[in-house]
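Inspection log for the structure reproduced underneath, given as structure tokens.
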Amino acid sequence: MNLKTEYFAPANGNMISDFSIYEIGDEHMYTGLETPMKPDAFEISDDEKKERISDLFAQIMDVMGLDLTDDSLRGTPDRVAKMYIEEIFSGLNPDNKPKIALFDNKYQYNQMLVEKNITFYSNCEHHFVPIIGKAHIAYVSSGKVIGLSKLNRIVQYYAKRPQVQERLTNQIAMDLKDILNTEDIAVIIDAKHLCVSSRGVKDDASATVTSYYSGVFNKPHKIAELQNYLNQ
Ligand SMILES: [Zn+2]
């Protein structure tokens, strides 16, 4: 299994650890790649989900002692429910996966293509507070190319789920390998977790960097070339 999550010390680019999250144990080979979903996740409609989330969120607000008859708070449960299903967690539903068209590589461009600084907003699945970051994607065409905006759309799709950054990185990489039919993929994500900066240890300066390299991107000179592009 050629799946790795590597961590960098962002200041100098030195790897501080390197492990495969798939070597957790025989029975847990793929733990972490798929978002844990119930088998019946889509047996109720989005409208029904919104109704139920609205009711439940109103209960949370009520338990906290908020007055739901107040003009400013009255609409909040509905707004939160709509935002969860239609926006920030819309990537849970495979129906919302972007449709991807590929084109022939008629320019015969056979070097790495880098799409950098793809801004995304996600949410930490442990605290349900935002993860704000940038994704950088590189690939070498195996004969087909993808519209550049589609790379952004794939990042957004996987970001719009309750996430952990390692899984987000690997989900984007695995999907791109599949879509582009190539092993030559690199995904680097540099993100700030509000569960670390706005609460808990309240460290506003730290950032988390994860990466996935496969194919030619396992070669040190290719990693160096990619980092050169990213530093420009
Ligand atoms: Zn968290």
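Counting starts at 1 for both ligands and their atoms, following the listed order.
Not a single N, O or S atom of H193, from either the backbone or the side chain, sits less than 2.8 Å from the Zn ion (ligand 1). Using a cut-off of 2.8 Å, one finds that C124 contributes an N/O/S atom close to the Zn ion (ligand 1).
Checking D78 against S54 by side-chain atom types alone, a donor-acceptor pair falls below 3.5 Å.
The environment of CZ in R52 is sparse: at most 12 heavy-atom neighbours from other residues, nucleotides or ligands sit within 6.0 Å.
The name of the N, O or S atom in H127 nearest to the Zn ion (ligand 1) is ND1.
Using a 30° and 60° split on the angle between ring planes, F57 and Y84 fall in the perpendicular class, above 60°.
Criterion: ILVMFWY side-chain heavy atoms under 4.5 Å apart, direct or through other members. Under it, V145 and L102 are part of a common hydrophobic cluster.
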